[in-house]
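Presented below is the structure to which this report refers.
In what follows, chains are A, B, ... by sequence order, proteins preceding strands, each numbered from 1. The figures that follow rest on heavy atoms only: side chains count, while hydrogens, waters and symmetry mates do not. All values reported here derive from a predicted model rather than from experimental measurement.
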2 protein chains.
Amino acid sequence: MTPTGRKPDEGERYRTILETAARLICERGYEGTSMQEIAAACRMTKAGLYHHIQNKEQLLFAIMNYGMDVFEEQVLAPVQDVVDPVERLRQCMRHNIHLVTSGRSKEVIIILHEHATLTGEPREFIDRRKKRYVRFLEDAFADASRQGLLPGVDPTVAAFSFLGMVLWVYKWFKPDGRLTEEQIADGMVAMILPGLSTPAASTTDANASAPLRMVPRAASGEEPQ
Amino acid sequence: MTPTGRKPDEGERYRTILETAARLICERGYEGTSMQEIAAACRMTKAGLYHHIQNKEQLLFAIMNYGMDVFEEQVLAPVQDVVDPVERLRQCMRHNIHLVTSGRSKEVIIILHEHATLTGEPREFIDRRKKRYVRFLEDAFADASRQGLLPGVDPTVAAFSFLGMVLWVYKWFKPDGRLTEEQIADGMVAMILPGLSTPAASTTDANASAPLRMVPRAASGEEPQ
DNA sequence: CACTGCCTACCGACCGGTAGGTAGCACTGG
DNA sequence: CCAGTGCTACCTACCGGTCGGTAGGCAGTG
């Protein structure tokens, strides 16, 4: 095929399998989705699917790792160099809410929902990756608290409160509902990260410390539904 | 039955079935728990179990309704007559966190986790019961906002933020971990419900309006696992 | 006798997973 | 140029086991 050496697949096929499986598992749950259904959705037979993966559990593990990759790239990486801890948390919150509401990454939703499905070493591996995010938030809250920018709440409680608010969104958000992603982000930022009174749109006014690293993300896809 | 009224069971057997099934489903998920396992845990055969219930879905529905009953009795009822909206939210938050952390009501955890498992009319029925709680919180936040006691965030966003913080706890709380239920409650109250600086222990100081209705529940079981 | 509460024994469907075969391609030696 | 070899990407057919659910019986109690 294509003598210049392209080879169209090279793991690309594998990634579409992960995405297809993620879509189904996100809709019906891990235990509620059969390998048969996943194979059919990939337009394959079950045996064909098993040519690419080892077993169902490893498939879930791969999906979750893929989801963690996406998360770290879209939420963590863009903000980790922001100097002001409160601004860091604000931007982080916005990115995280966007990730959950955009509905583009079913893998992330699966990580959230199937938090107790994996066991043993794979479970611990994913938990370690999650824990890194918790630590990141704890540090930011501790920083902010030390600088007197936020009331001194236990950083762990603060971090999990942040996470709860933001991640719970996947349970109730409707893309065509009354609330837009921006309204939710603005509201939640206002609730636990005081500061700027008009936080949306022009984020360029307040962060005197880290004017770089502003995310371009907006303006792309994101149709209602 | 039995005109003198005794009849040892009278639905008591049914309730222990619900509780046993809830324990298993809470641990392994709805789809991951077989009727065989539930029957065995009730020290019955599967056919024996089916003598008491109609089918698996109806069993889940019954568990969820039972959970909503417990929730309304332990969280909603004790606080709904508190006049000050912020104090109402504070007490509500504490009761709700207690319900989730005490681990006594697996049914409530199932309601949280299996939010998309039921379909059709049963699903809508449970959703309607949940919606009542959301409305209760929205009203409280709107009240507080109108009285200038809280910053004016959209009441729906505020309500779901409250819920996210509080309910997400089921995903990470460890009874024998560093954080106690009280520390979590104090921290979360401090984060979104400003006011009293030492809020724990004596809840008798703030509610000038409804000194009754305080729950006795405490002091019983609740070992650190 | 009727009824409750539970049993044994079984149903068809489906589960995750595999054995073994094959079509199509790239590469090689002659 | 082309047969042979090896490999990838699938397939059909099947495995033992389990799923949710049921028919029908039977012992105990009123």
Checklist entry - Does a salt bridge link Arg88(A) with Asp81(A), judged by any charged N lying under 4.0 Å from a carboxylate O? => result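 No, no charged N to carboxylate O under 4.0 Å.
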Checklist entry - Going by an N to O cut-off under 4.0 Å, is there a salt bridge joining Arg178(B) and Asp154(A)? => result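 Counted as a salt bridge, because a side-chain N and a carboxylate O are separated by less than 4.0 Å.
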Without decimals, in angstroms, what is the distance between [X] [atom1] and [N] [atom2]?
X: Arg43(B); N: dC7(C); atom1: CZ; atom2: P; result: 12 Å
X: Glu37(B); N: dG20(D); atom1: CD; atom2: C1'; result: 13 Å
X: Gln36(A); N: dC15(C); atom1: CD; atom2: C1'; result: 10 Å

Next on the checklist: At less than 4.0 Å, is any side-chain N or O atom of Thr45(A) found next to OP1 or OP2 of dC10(D)? Yes or no.
Outcome noted: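 For dC10(D), OP1/OP2 do not have a side-chain N/O of Thr45(A) under 4.0 Å.
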Next on the checklist: For dC10(D) and Arg13(A) - does any side-chain N or O of the residue sit under 4.0 Å from the phosphate oxygens OP1/OP2?
Outcome noted: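 Yes, because at least one side-chain N or O of Arg13(A) sits under 4.0 Å from OP1 or OP2 of dC10(D).
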Next on the checklist: Just checking Phe173(B) against Phe160(A), ring centres under 6.0 Å apart?
Outcome noted: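 Ring centres of Phe160(A) and Phe173(B) not closer than 6.0 Å.
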Checklist entry - Hey, do the aromatic rings of Phe71(B) and His95(B) have their centres closer than 6.0 Å? => result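 No: the rings miss the under 6.0 Å criterion.
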Item to check | Closest to the Ala47(A) side chain, choosing from dA9(C), dC11(D), dC6(C) | outcome: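 From the listed options, dC11(D) comes nearest.
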Item to check | Sequence neighbours excluded, every pair satisfying ring-ring contact (aromatic ring centres under 6.0 Å, His included) that has a member inside residues 12-56 of chain B | outcome: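 Applying ring-ring contact (aromatic ring centres under 6.0 Å, His included) to every pair that reaches into residues 12-56 of chain B, excluding sequence neighbours, yields nothing.
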Checklist entry - Near DNA chain D, under 4.0 Å by heavy atom, which residues of residues 48-65 of chain B? => result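 Contacting residues: Tyr50(B), Asn55(B), Lys56(B).
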Next on the checklist: Does anything in residues 17-29 of chain B come within less than 4.0 Å of DNA chain D? Heavy atoms only, and list the residues if so.
Outcome noted: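 Under 4.0 Å from DNA chain D: no residue of residues 17-29 of chain B.
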Next on the checklist: Quick check: do Glu19(A) and Glu107(A) have side-chain heavy atoms less than 4.5 Å from each other?
Outcome noted: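 SC-SC contact between Glu19(A) and Glu107(A) confirmed.
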Checklist entry - Do the ring planes of Phe162(A) and Tyr133(A) sit parallel (below 30°), tilted (30 to 60°) or perpendicular (above 60°)? => result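 The rings of Phe162(A) and Tyr133(A) stand perpendicular, inter-plane angle above 60°.
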Next on the checklist: Checking Glu181(A) against His98(A): is there a side-chain donor and acceptor pair closer than 3.5 Å?
Outcome noted: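 The criterion, which ignores hydrogens and geometry beyond distance, is satisfied for Glu181(A) and His98(A).
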Next on the checklist: On DNA chain C, compare the nucleotides closest to Lys46(A) and Lys46(B); which residue's is nearer the 5' end?
Outcome noted: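 The residue closer to the strand's 5' end, by nearest nucleotide, is Lys46(B).
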Next on the checklist: Once you apply a heavy-atom cut-off of 4.0 Å, does Ser34(A) come out as touching a base, just sugar-phosphate, or nothing?
Outcome noted: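 Sugar-phosphate, backbone atoms only, no base.
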